[in-house]
K.L.:
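The structure is given below, and queries will be raised subsequently.
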Amino acid sequence: MITFGQLVLRINKLRSLVASGVLVLVLGLSTTWAADDPEFADDYVPTVFITGANRGLGLGFTQQYLARGWKVIASCRKPDKAEALNELAEQYPSLLTIEQLDVVDFERVDALAAKYSETPVDVLLLNAGISGGNDKQMFTKMEFAVFEDVLRVNTIAPLKMSEAFYNHVKSSREKKIITVSSSEGSIAQANMPRLYFYRSSKAAVNMVMKNLAMQLKRRGISVAMVNPGPTDTDFMAGLPKSMLRPTEDAVSDMIRNIDGLTVETTGSFYQYDGTIIPW
Amino acid sequence: MDKKKIEATAIDTDRRDFVAGTASLIAGMMASGAASAAESSVQPLAAPATQKNTVLVTGASRGLGFEFTRQYSQLGWRIIATCRNPGNAEQLNALAAENSDIRVERIDVVDHQSIDDLAVKYQNMPIDVLLNNAGIGGGPENQLFGRLDYEVFYEVLAVNCVGPMKMAESFLDHVKAGTQKKIITVSSSQGSISQVSMPMLYWYRSSKSALNMLMTNLALQLKRRKVIVGLVTPGATATDFISPEFRKRIPGIREPAVAAADMMRNIDKFTLENTGTFFNYDGDIMPW
């Protein structure tokens with residue numbers, strides 16, 4: 001005969017046995033799942049691929065992603081002349097790789113995609129851009145060949161990069177395609193006539209990336225545009241410094257918005273302060 | 001960008017335009033005196049005798065462009081109906097044969113010389129409405145992610161964006177001389193970034209977003225010169241622009257005559273106050 005008290009004890013023992021069995025089973029399964037997805041391991045180091053990384057915002061992105069321990073593939077047109085980038089490579093030999101890439105050279109884009117075919121790219125950061133020069137886009141004296149050049153760099157190259165590096169992004173943990181756009185591309189906010197080509201290239205890339213966001217959402221990839229605001233880089237040379245924000249601030253603001261992006265907010269156009277810019 | 005510098009340059013450009021405009025006006029007055037004294041062998045057409053409204057339509061051989069031509073002629077307008085191959089434009093030529101106010105002319109919007117040539121030919125003709133209607137879609141199969149045909153993008157761009165800008169540059173003086181002073185471009189709801197809800201037509205859509213930005217800029221630029229710039233959309237219309245098999249899949253697809261009439265009603269609504277507006281065919285304002 002067992003007393004009621006002993007019965008309770010036995011049942012408790014049985015319970016804890018079952019519970020620990022379940023626990024072991026769960027642990028076992030989760031280990032199995034983790035083994036299926038090696039990139040989800042704790043020591044996973046994310047990678048960012050940056051275009052136009054030799055100066056300005058691209059260099060700022062490179063510095064800040066390196067500082068937070070990310071691997072950076074920093075691409076630019078002329079690595080030989082990218083002094084600041086080469087200095088960073090000495091400082092971060094295990095994290096930073098420099099690659100030659102002119103984003104309008106699609107053969108080179110494809111070659112790099114092939115070279116890194118086994119490398120997951122967490123953030124594809126499409127930063128390279130040109131303005132086309134103010135004097136080439138004045139009404140009645142439009143140089144339409146320049147329009148094509150501006151669109152090639154600002155609108156088409158980001159889409160080509162996304163197409164070529166789609167599998168790299170898909171196999172990563174973060175799965176983000178980010179384009180540095182501009183508030184100059186906001187049709188709703190345009191209030192003075194200027195920079196016809198630059199502006200329409202940015203409106204066009206916003207449309208292209210909105211399309212891409214809708215296309216890739218169900219594959220878990222998020223796509224967004226970020227705006228640096230007026231920043232003290234070569235791109236803005238000539239403007240008084242008082243009107244410009246330091247590059248470090250512009251970059252850290254954009255990185256904060258990139259970090260906050262999810263598939264739920266895919267397709268957004270982020271102002272540097274985190275608000276949404278109207279189209 | 002150097003904003004102040006840009007503003008200063010833009011103002012300088014305006015001043016230069018003004019000076020150049022005044023100069024050419026004086027030169028023109030002097031030249032017209034000279035021309036009456038000694039007839040030139042190659043001359044632009046004479047200024048029209050009657051005060052009819054005039055519209056210049058691109059892509060007038062078929063679809064919406066043909067309907068614009070037909071319906072403006074019913075309203076008693078003078079129409080410069082342009083298309084790439086006037087020799088093959090049977091329907092348009094037949095319409096022009098019945099109405100002497102329709103002139104069929106050649107413009108291929110990607111051939112900028114053809115635009116400049118016609119601008120010279122009609123240099124004495126005030127144009128009330130410059131109607132940039134010509135456009136291409138680029139073919140849905142050329143703009144699928146993963147199989148994007150990048151060269152097609154530049155073809156779409158040349159027709160849908162550069163064409164209207166070049167037309168506006170070359171015919172600016174004609175429009176300024178008109179009474180209505182309108183530069184209207186047929187855009188598309190597919191160019192509305194906030195409204196697209198399914199991924200497709202990367203090239204066509206981004207060309208229309210780019211066009212909307214170009215025309216927004218132009219509206220801002222020409223407002224104080226009293227020129228009105230506007231964007232209209234036809235809605236999904238049963239023209240050659242949409243393949244017959246695809247047309248069947250669009251519920252409520254509209255006839256070209258209805259779409260053109262709707263756009264003409266919206267073109268009438270444009271004033272200097274609402275310059276730069278993007279009108280949907282039903283008169284609602286399209287969001288960007």
Side-chain angles (χ1 to χ4, degrees), chain A residues 106 131 134-135 137-142 144 147-148 151-152 155-157 159-160 162-163 166 182 184-217 230 235-240 243 267 269 278-279, chain B residues 1-7 9-10 13 16-17 20 112 143-148 150 153-154 157-158 161-162 165-166 168-170 172 190-203 205-223 276 278 287-288:
Chain A
F106 288 3
S131 73
N134 184 44
D135 52 324
Q137 30 198 323
M138 294 287 201
F139 182 65
T140 71
K141 282 174 295 195
M142 297 266 180
F144 292 110
F147 191 21
E148 210 173 287
L151 282 150
R152 205 179 291 275
T155 309
I156 293 308
L159 191 54
K160 171 64 187 175
S162 305
E163 214 179 19
Y166 165 68
S182 167
E184 287 293 304
S186 165
I187 310 176
Q189 292 194 337
N191 57 11
M192 273 190 51
R194 61 166 174 258
L195 295 171
Y196 281 70
F197 300 157
Y198 178 68
R199 278 183 167 176
S200 53
S201 77
K202 291 299 188 181
V205 79
N206 288 349
M207 173 59 101
V208 158
M209 289 297 157
K210 171 82 184 292
N211 250 3
L212 193 62
M214 295 188 290
Q215 186 129 37
L216 301 185
K217 184 172 185 177
F235 201 85
M236 306 292 275
L239 269 190
M243 290 177 67
F269 182 13
W279 306 114
Chain B
M1 256 10 64
D2 184 338
K3 286 186 184 170
K4 281 190 176 164
K5 202 165 144 191
I6 292 163
E7 283 174 30
T9 320
T13 310
R16 277 203 298 276
D17 281 1
H112 290 188
Q143 31 198 325
L144 298 170
F145 185 72
R147 276 178 291 165
L148 290 165
Y150 290 92
F153 175 76
Y154 298 102
L157 179 83
C161 298
V162 177
M165 278 311 299
K166 174 63 187 169
E169 281 195 329
S170 295
L172 177 64
Q190 295 296 324
S192 167
I193 310 175
S194 55
Q195 291 221 324
V196 295
S197 57
M198 273 180 53
M200 61 179 187
L201 297 172
Y202 280 74
W203 303 150
R205 280 181 172 176
S206 54
S207 78
K208 292 299 188 180
S209 301
L211 169 71
N212 290 349
M213 176 60 101
L214 291 173
M215 290 300 158
T216 296
N217 257 358
L218 192 61
L220 292 165
Q221 183 131 35
L222 298 183
K223 185 169 184 177
F278 183 15
W288 305 115

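In this text, all values refer to a predicted model and were calculated from it rather than measured experimentally. Letters A, B, ... are given to chains in the order of the sequence lines, protein chains preceding strands, and every chain is numbered from 1.
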K.L.:
I need the B:R147 CZ to A:E163 CD distance, nearest 0.5 Å.
P.N.:
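Reported value, rounded in 0.5 Å steps: 10.0 Å.
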K.L.:
On a heavy-atom basis, which atom in B:A210 and which in A:A204 lie closest, and how many Å separate them?
P.N.:
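The pair with the smallest heavy-atom distance is CB-CB, 4.1 Å.
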K.L.:
For B:S192, which atoms come within 4.5 Å of any heavy atom of chain A: side chain, backbone, both, or neither?
P.N.:
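It is the backbone, since no side chain atom gets that close.
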K.L.:
Would you mind checking which part of A:S186 comes under 4.5 Å of any heavy atom in chain B, side chain (CB onward), backbone (N, CA, C, O), both or neither?
P.N.:
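Contact with chain B: backbone only.
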K.L.:
Using non-hydrogen atoms and a 4.5 Å limit, figure out which bit of B:T216 sits close to chain A: side chain, backbone, both or neither.
P.N.:
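Looking at B:T216, just its side chain touches chain A.
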K.L.:
So, for B:I193 and A:K210, which heavy atoms are closest and what is the spacing to 0.1 Å?
P.N.:
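Result for this residue pair: O-NZ, 2.6 Å.
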K.L.:
Under 4.5 Å from any heavy atom of chain B, what part of A:D135 do you find: side chain, backbone, both or neither?
P.N.:
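Looking at A:D135, nothing touches chain B.
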K.L.:
Please check: side-chain N/O of B:N217 versus main-chain N/O of A:R194, any donor-acceptor pairing under 3.5 Å?
P.N.:
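Yes; judged by distance alone, with no hydrogens or angles, the pair exists.
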K.L.:
Who wins among A:L159, A:I187, A:V205 for the most heavy-atom pairs under 4.5 Å with chain B?
P.N.:
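That would be A:I187.
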K.L.:
Report which part of B:M165 has an atom under 4.5 Å of a heavy atom belonging to chain A: side chain, backbone, both, or neither.
P.N.:
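For B:M165, heavy atoms of backbone and side chain both lie under 4.5 Å from chain A.
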K.L.:
Is chain A contacted by the side chain of B:Q143, its backbone, both, or neither, given a heavy-atom distance below 4.5 Å?
P.N.:
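No part of B:Q143 comes within 4.5 Å of chain A.
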K.L.:
I need the minimum non-hydrogen distance between B:Y150 and A:I156, along with the two atoms involved.
P.N.:
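The pair with the smallest heavy-atom distance is CD2-CG2, 3.3 Å.
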K.L.:
State, to 0.1 Å, how close A:N211 and B:M198 come at their nearest heavy-atom pair, and which atoms those are.
P.N.:
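Nearest pair, atom of A:N211 first, then B:M198: OD1-O, 3.8 Å.
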K.L.:
In terms of heavy-atom proximity below 4.5 Å to chain A, should B:K223 be classed as side chain, backbone, both, or neither?
P.N.:
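For B:K223, neither part sits under 4.5 Å from chain A.
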K.L.:
With a 4.5 angstrom heavy-atom cut-off, is it the side chain or the backbone of A:Y196 that approaches chain B, or both, or neither?
P.N.:
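When you check distances to chain B, atoms from both the backbone and side chain of A:Y196 fall under 4.5 Å.
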K.L.:
A side-chain contact here means heavy atoms from C-beta on lying under 4.5 Å apart; do B:V162 and A:E148 qualify?
P.N.:
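They are not in contact (no side-chain heavy atoms under 4.5 Å apart), so the answer is no.
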K.L.:
For A:K202, which atoms come within 4.5 Å of any heavy atom of chain B: side chain, backbone, both, or neither?
P.N.:
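Neither part, no heavy atoms under 4.5 Å.
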K.L.:
Please state whether the side chain, the backbone, both or neither of B:F153 comes within less than 4.5 Å of a heavy atom of chain A.
P.N.:
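B:F153 touches chain A through side-chain heavy atoms alone.
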K.L.:
Which region of B:L222, side chain (C-beta onward) or backbone (N, CA, C, O), has a non-hydrogen atom less than 4.5 Å from a non-hydrogen atom of chain A, or is it both or neither?
P.N.:
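The side chain, not the backbone.
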K.L.:
Of the listed residues (B:F278, B:F145, B:W203), which shares the most heavy-atom pairs with chain A below a 4.5 Å separation?
P.N.:
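Of B:F278, B:F145, B:W203, B:F145 has the most heavy-atom pairs under 4.5 Å with chain A.
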K.L.:
Is any side-chain heavy atom of A:F147 closer than 4.5 Å to one of B:L214?
P.N.:
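Yes, side chains in contact.
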K.L.:
Starting at CE of B:M213, measure out to CH2 of A:W279 and round the result to the nearest 0.5 Å.
P.N.:
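The CH2 atom of A:W279 is 12.0 Å from CE of B:M213, to the nearest 0.5 Å.
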K.L.:
Got a second to check how far A:M207's CE is from B:N212's CG, nearest 0.5 Å?
P.N.:
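Rounded to the nearest 0.5 Å, the CE-CG separation comes out at 8.5 Å.
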K.L.:
Without swapping roles, check the side chain of B:E169 against the backbone of A:F139 for a donor-acceptor pair under 3.5 Å.
P.N.:
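Judged by distance alone, no pair lies under 3.5 Å.
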K.L.:
Tell me, for B:L157 versus chain A, whether the close heavy atoms (under 4.5 Å) come from the side chain, the backbone, both or neither.
P.N.:
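Answer is side chain: those atoms of B:L157 sit under 4.5 Å from chain A.
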K.L.:
Side chain, backbone, both or neither: which part of B:A168 has a non-hydrogen atom closer than 4.5 Å to chain A?
P.N.:
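Interface part for B:A168: both.
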K.L.:
So which part of A:F106 gets closer than 4.5 Å to some heavy atom of chain B, the side chain, the backbone, both or neither?
P.N.:
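Answer is side chain: those atoms of A:F106 sit under 4.5 Å from chain B.
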